[in-house]
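For reference, the structure discussed in these notes is given below.
Atoms considered below: every heavy atom in the structure, side chains included; atoms not considered: hydrogens, waters and symmetry mates.
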Amino acid sequence: MVVMKFGGASLKDEKSLKQISKIIKKRIPEQPIIVLSAVSGVTDTLVRATNQALVNESSIVENINQLAALHRKIVAEAISSPPIRTETQEQIEILLSRLERLLYGIAYTGECTPRTRDLVLTFGERMAVHLLAGRLNTISCPAKALFADEIDIVAHGSWGLGTADLEQIQCLLPKHLDPLIQNGVIPVITGFFGRTAKNLPITFGRGGTDYSAAVVADAMKTTQMEVWKDVDGFLSTAPEITQDGHLLEYLSYEEAAELAYFGAKILHPRTVEPLMVKKIPLIIKNTFKTECEGTVIGPERFTHKQVIKSVTYDKEIAVLRIYGASVGYQVGLLKELVTALSDCTINIKSVITSQTSINLLIDRKDLNEGFEQLTQLNLDFVDKIEPVDNIALIAVVGEGLAETSGLAARVFSTVAKLGTNIEMISSGASRVAFYFIVNRPELEKTVKSIHDEFFNNKG
Ligand code: ASP
Ligand code: MG
């Protein structure tokens, strides 16, 4: 068995729906299980529709019409068999009308709890699985659309940040999928969310379909998992920085996880977690260039001659800097800060402390809320809290990095030659990665020069 995950980048319109169906059809002997995310842009529309419903009821019709038009067009052009087309269209209309009623509920009550928001966000995936199952059935590949919350993808945690219960899923999921697979029916499962113990849908965070697919691969003990995208795989650096980057043929689980954590948009950072136990290999493939080998991610670790495999960056970060003469010395202070932020579901990406300051690295979108939250605490020993914006993080990743002497020196002397000032450094937390923070305007040239130094040394 193989799990194949297709995301929004592979599912934009009728043409791409046909393309992914063709890819799946060729793989039927391997018993594929499909995990699918919403059509490109749909989750963003749902986020916007929810926010707009809170302030302006008339936005609802417009947003529903937009989603309806997008999906109806794909059905009309990609599903030629009349009975399958009618059935698919009906299923999508049912979902649209449920969604519309939910949005009116939000508009009338003037509130949207995190729980309701999660429910609204699942509609993109729910519509998408009907599109793909419809198309597969049209080209004589029997397939069935399945909603994750109806097939026991059990999860817990805060709304918007769910964690799958792997043990329960291992027990329950095969009961739903095995009979289908034995009858030659391809399961087409919604990614991005599961259900709580109380049967309510809970999402895994934006981009969470990769994680869903890994959870399914683990539960079904598949031989491999594939993530199909619109790029070739992991590169030695982002194409926005330089076209000189090369494709990485192989990465260890840790390397891929750190690259994703530090900004490489290619994979959800939690994807490898469920795969590591059974050592299931993950392959990144290009939907529109199937002949490309892609990147394989697996349990073996290899150290390259250059050690560093990739230089990545994250522009969407910020720092909350907490000053006080003895903050580094106060037992329990860090706990209070962390609790205050986690109470409003702000995730801390990294912490660097000293005697006189504590630096909390967070997502930029959380900066204002986090700043207000910590300021309200009015903590003893804290003189000042400063929100630091306009910065960016650069990370270098590679097996062997922690054990290789002179490597950090080589990175930092390259940075120094450019005149880029380093605001903060963190190393040692991961065996395969370290990162540092620079001022935002210096980001691109700094990443490019490190990449040149290691991969394109022009002397
Ligand atoms: N559709 C969801 C999102 O856009 C989940 C995913 O794409 O993996 O975040
Ligand atoms: Mg998406």
Side-chain angles (χ1 to χ4, degrees), residues 1-7 10 20-21 23-37 125 128-129 132-133 136 141-148 150-155 163-194 204 207-229 233 250-253 256-257 260 266-287 290 293-300:
M1 274 188 286
V2 55
V3 167
M4 302 171 79
K5 180 260 171 176
F6 295 88
S10 302
I20 62 181
S21 307
I23 293 173
I24 296 166
K25 191 171 186 176
K26 285 200 188 126
R27 305 290 295 279
I28 286 181
E30 291 163 76
Q31 298 185 311
I33 301 169
I34 313 303
V35 180
L36 194 62
S37 73
E125 274 67 17
V129 289
L132 180 57
L136 287 170
C141 302
K144 188 168 165 47
L146 299 165
F147 294 166
E150 292 173 3
I151 54 167
D152 295 316
I153 307 270
V154 189
T163 293
D165 284 322
L166 298 180
E167 266 177 44
Q168 284 202 60
I169 301 171
Q170 277 159 21
C171 263
L172 300 171
L173 187 64
K175 293 190 182 127
H176 296 280
L177 302 191
D178 284 343
L180 293 173
I181 296 167
Q182 275 150 23
N183 283 316
V185 177
I186 304 173
V188 182
I189 306 171
T190 54
F192 187 37
F193 65 94
F204 299 134
T209 304
D210 295 341
Y211 176 63
S212 299
V215 168
V216 172
D218 168 76
M220 299 303 292
K221 302 189 178 69
T222 64
T223 40
Q224 119 182 7
M225 163 180 163
E226 299 170 0
V227 171
W228 288 80
K229 305 200 57 97
Y250 181 86
L251 289 172
S252 67
Y253 289 135
I266 202 158
L267 200 66
H268 190 281
R270 298 193 65 181
T271 314
V272 301
E273 244 176 79
L275 302 177
M276 288 170 95
V277 185
K278 300 191 182 96
K279 299 193 166 79
I280 299 171
L282 164 65
I283 303 169
I284 314 274
K285 292 280 291 175
N286 191 336
T287 302
T290 48
E293 296 287 332
T295 302
V296 178
I297 298 159
E300 285 85 28

Can you find a pair of side-chain heavy atoms, one from [X] and one from [Y], that are under 4.5 Å apart?
X: Ile20; Y: Leu132; value: yes
X: Arg270; Y: Thr163; value: yes
X: Val2; Y: Met225; value: no
X: Thr190; Y: Leu36; value: no
X: Leu146; Y: Leu180; value: yes
X: Val129; Y: Val188; value: yes
X: Met220; Y: Val3; value: no

Stepwise side chain to side chain contact (heavy atoms under 4.5 Å, CB included) test for Val216 and Leu173: CA-CA 8 Å; Val216 172; Leu173 187 64; 4.1 Å; yes
For a quick test of reading the model, state the closest non-hydrogen atom pair linking [X] to [Y] and the distance between them.
X: Glu125; Y: Gly191; result: CG-O, 3.4 Å
X: Ala219; Y: Pro174; result: O-CG, 4.0 Å
X: Asp210; Y: Ile266; result: OD2-O, 4.1 Å
X: Pro269; Y: Ala260; result: CA-CB, 3.7 Å
X: Gly7; Y: Ser37; result: CA-OG, 3.1 Å
X: Leu177; Y: Pro187; result: CD2-CB, 3.9 Å

Any residue meeting ring-ring contact (aromatic ring centres under 6.0 Å, His included) with Phe204, in chain and number order, not counting sequence neighbours: Tyr211
[atom1]-[atom2] distance between [X] and [Y], expressed to the nearest 0.5 angstrom:
X: Cys141; Y: Ile186; atom1: SG; atom2: CD1; answer: 5.0 Å
X: Cys171; Y: Asp165; atom1: SG; atom2: CG; answer: 11.5 Å
X: Ile189; Y: Glu150; atom1: CD1; atom2: CD; answer: 12.0 Å
X: Ile23; Y: Lys285; atom1: CD1; atom2: NZ; answer: 8.5 Å
X: Met4; Y: Ile283; atom1: CE; atom2: CD1; answer: 10.0 Å

Single hit among Ile297, Val215, Ile280, Thr222 for side-chain contact (heavy atoms from CB on, under 4.5 Å) with Leu275: Ile280
Does [X] reach the main-chain N or O of [Y] with its side chain, forming a donor-acceptor pair under 3.5 Å?
X: Thr287; Y: Lys229; answer: yes
X: Lys278; Y: Asp218; answer: yes
X: Thr295; Y: Ile284; answer: no
X: Ser10; Y: Trp228; answer: yes

Contacts of Lys144 that satisfy salt bridge (Lys or Arg N to Asp or Glu O under 4.0 Å) - sequence neighbours left out: none
Glu293 atom CD, over 12 foreign heavy atoms within 6.0 Å: no
Any side-chain donor near an acceptor of the partner, Asp152 and Gln168, under 3.5 Å: no
Pair Gln224, Glu226: side-chain N/O donor-acceptor within cut-off below 3.5 Å: yes
